[in-house]
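Below is one structure, written out as C-alpha cells, with a few remarks after it.
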Protein chains: 2
Amino acid sequence: MSIREIPDIVVGRLPVYLRALTRMAQDGQLITSSKELGERLGISSAQIRKDLSHFGEFGKQGTGYQILYLVEQLQRILHTEAEWQVALVGVGDLGRALANYNGFANRGFRITAVFDNDPAKVGTTIAGMPVLDSSQIVDEIRARGLRIVMLAVPAGRAQEIANRLVEAGVRAILNYAPINLTVPKEVQVQYIDPVIHLQRMTFYVT
Amino acid sequence: MSIREIPDIVVGRLPVYLRALTRMAQDGQLITSSKELGERLGISSAQIRKDLSHFGEFGKQGTGYQILYLVEQLQRILHTEAEWQVALVGVGDLGRALANYNGFANRGFRITAVFDNDPAKVGTTIAGMPVLDSSQIVDEIRARGLRIVMLAVPAGRAQEIANRLVEAGVRAILNYAPINLTVPKEVQVQYIDPVIHLQRMTFYVT
DNA sequence: TAGATTGTTAATCGATTAACAATC
DNA sequence: TAGATTGTTAATCGATTAACAATC
C-alpha cells in the first residue's frame with residue numbers, strides 16, 4: 001500500500017472503532033471480529049475491514065482481531081499514543097465542565113492551559129490551573145508549543161480568537177461556538193453544537 | 001416532488017444552513033445566494049441548491065434567496081417552528097452546563113425536566129428546575145409527553161437509562177456518554193464526544 | 001478436516017458537481 | 001437588455017457492499 005490519500009470519512013470512523021474496542025478491552029474481551037464490531041456499531045463488517053485495509057493488515061483469517069493490538073494500531077494511526085497538551089479558551093459553564101472532565105486523560109488529551117477575558121476570572125484557579133488572560137493567548141500558546149485548542153467562547157468572539165490561534169500556530173480547533181469559522185486550510189476545525197444534532201433528529205420526529 | 005426518501009446526509013446539512021442563515025439575518029442581511037452561503041460554509045453552491053430542491057423551490061433566478069423566508073422554511077422542514085421540551089438526565093458538570101446554556105431557547109429547544117440519581121442532588125434546584133430522581137424517569141417523561149432527551153451520565157449507566165427512555169416513549173436521544181447505544185431503529189440517537197473530534201483532527205496533525 | 005473470518009476485487013449504489021435552460 | 005442565479009439534468013466521482021480465494 002503506497003502513500004495513498006485516506007478519505008476523510010474513513011478517518012472519521014477510526015475514533016469510533018477505537019472507542020468501541022477500548023470498551024471491549026475494558027470488559028476483558030481479548031478478540032473480536034469485523035462482524036461483531038460492526039453489529040455493535042451498526043456498520044457493515046465489510047466496511048470495517050475495508051477501512052482498516054487502508055492502513056495495513058491487523059487481523060487473522062478465521063480468528064478476527066486481537067483487541068489490544070488493534071487498539072494500539074489505531075492509536076498510532078490517529079497519533080494519540082503520546083498525550084496531547086490542549087489549551088481551552090473560554091471558562092463559562094461549558095469551559096468549566098470541559099476543564100473538569102476526566103474523560104480526556106485516558107484517551108490521549110490533557111488540558112494544560114485555560115484562558116478567559118473576564119478580569120473577574122483571570123487569576124482564579126480552575127481544575128488546578130490558573131486562568132490566564134486572553135490577551136496572552138498568542139504568546140502562551142507559542143511558548144508552550146500547543147497545537148490543539150478547545151474554543152468555548154460566545155459566538156461573537158469565536159472568529160476573532162480563532163484568528164489569533166492561527167497566528168499562534170495552532171493546528172486543530174474544536175469549536176463549541178455555534179458559528180462557522182474561517183481558517184487556513186492547513187488548520188483543522190471540528191464543530192460541536194448540540195442544536196445541530198437535535199435538529200437533525202427532530203426532522204424524523206413528528 | 002413526491003414522498004421521496006431524503007438522504008440522511010442531506011438532512012444533516014440543513015441545520016448547518018439554518019444556523020448560517022440565522023446569523024446572516026441577525027447581521028441585518030436580507031438576501032443571499034447559494035454561492036455566498038456555500039463560500040461561507042465551504043460547500044459547493046450546487047450542493048446547496050440540490051439539497052434544497054428535495055423540499056421545494058425557495059429562491060428566485062437572478063436574485064437568490066430571501067433569508068428570512070428560507071429560515072422559516074428550514075425551521076418548518078426540521079420541525080423546529082414550535083419549541084420542543086427536552087429532558088436532561090445527569091447533572092454533573094456537563095449536565096449543569098447544558099441546563100444553564102442559553103443557546104437552546106432561540107433555536108427551538110427548552111430543557112424542562114432534569115434528572116439525577118444522586119440523593120444529594122435530587123430536590124436541589126438547577127437553572128430554576130428541581131432535580132428529579134432518576135427512578136421517576138419513565139413516569140415523568142410519559143406524563144409530560146417528552147420526546148427528546150439529552151443524556152449526560154457516565155458511560156457505565158448510559159445504556160440502562162437509554163432502555164428506560166425507550167420504554168418511556170422517547171424518540172430522540174442526544175448522547176454525551178462516550179459509548180454506543182443500542183436502541184430500536186425508530187429511536188434517533190446522536191452522539192457528542194469531544195474526543196472523537198479531537199482524534200479526527202490529530203490524524204492530520206503531526 | 002470443517003468452520004470461520006480476513007483482505008481484496010469488482011459490482012453496485014449513492015452523492016457531488018458541471019453545465020445550462022429558464023427567468024428574474 | 002445584460003447580468004446573475006436558480007432548479008434540474010446528466011456525467012462524474014467516490015463510497016459501500018457482495019462475494020470469494022486465502023488461510024487460520
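Checking A/R49 against A/S45 by side-chain atom types alone, a donor-acceptor pair falls below 3.5 Å. In the model, B/Q159 has a side-chain atom that pairs as donor or acceptor with a side-chain atom of B/N163 under 3.5 Å. Judged by distance alone, the side chains of B/R23 and A/N180 never bring a donor and an acceptor atom under 3.5 Å apart. For the 3.5 Å distance criterion, the side chains of B/E36 and B/Q29 qualify, holding a donor opposite an acceptor.
Two residues are said to be in side-chain contact when any heavy atoms from C-beta on lie closer than 4.5 Å; A/V86 and A/F104 fail this criterion.
For the pair A/I43 CD1 and D/dT17 P, the interatomic distance rounds to 9 Å; values are reported in whole Å. Note: CD (B/Q47) to C1' (D/dG14) measures 13 Å, nearest angstrom. The separation between A/I31 atom CD1 and C/dT6 atom C1' is 13 Å, rounded to whole Å. Atom CZ in B/R49 sits roughly 15 Å away from atom P in C/dA21 (whole-Å rounding). With rounding to whole Å, A/I48 atom CD1 is found 16 Å from C/dT8 atom P. D/dA19 atom P lies 16 Å from atom NZ of A/K35, rounded to whole Å. Atom pair B/Y69:OH and D/dT6:C1' shows a separation of 14 Å (rounding to whole Å applied). We find that CZ of B/F55 is positioned 16 Å from C1' of D/dT8, with the value rounded to whole Å.
Sorted by residue number, the members of residues 58-67 of chain B with any non-hydrogen atom under 4.0 Å from DNA chain C read B/K60, B/Q61, B/G62. Contacts of residues 7-29 of chain A with DNA chain C (heavy atom under 4.0 Å): none.
Counting any heavy atom pair closer than 4.0 Å across all strands shown, B/K50 reaches a base atom. Within the nucleic acid shown, B/S34 comes within 4.0 Å of sugar-phosphate atoms alone, with no base atom in reach, counting heavy atoms only.
The aromatic rings of A/H79 and B/F203 sit parallel, their planes meeting at an angle under 30°, below the 60° perpendicular limit.
The main-chain N or O of A/T206 is never found under 3.5 Å from a side-chain atom of B/R147 such that the two would form a donor-acceptor pair. Listed for the B/S134 side chain is a donor-acceptor partner under 3.5 Å among the backbone atoms of B/D116.
Checking D/dA10, D/dT17, C/dG7 against the side-chain heavy atoms of A/S53 singles out C/dG7 as nearest. Nearest to the side-chain atoms of B/E57 among the listed nucleotides D/dT17, D/dG7, D/dC20 stands D/dG7.
The shortest non-hydrogen separation linking A/R164 to A/S135 is NH2-CA, 3.6 Å. For the pair A/V89 and A/V153, the tightest heavy-atom approach, listed with the atom from each and the gap, is O-CG1, 3.5 Å. Among all heavy-atom pairs drawn from A/P178 and B/Y101, the shortest one is CG-OH, 4.0 Å.
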Query - CA sep, side-chain torsions, deciding dist, call: A/M201, B/W84, side-chain contact (heavy atoms from CB on, under 4.5 Å) - result: CA-CA 12 Å; A/M201 295 194 285; B/W84 288 94; over 6 Å; no

Query raised in the report: So what does the secondary structure string of DNA chain D come out as, 5' to 3', with Watson-Crick or wobble pairs under 3.5 angstrom, [ ] for crossing and | for pairs with another strand?
Result: ..||||||||||||||||||||||

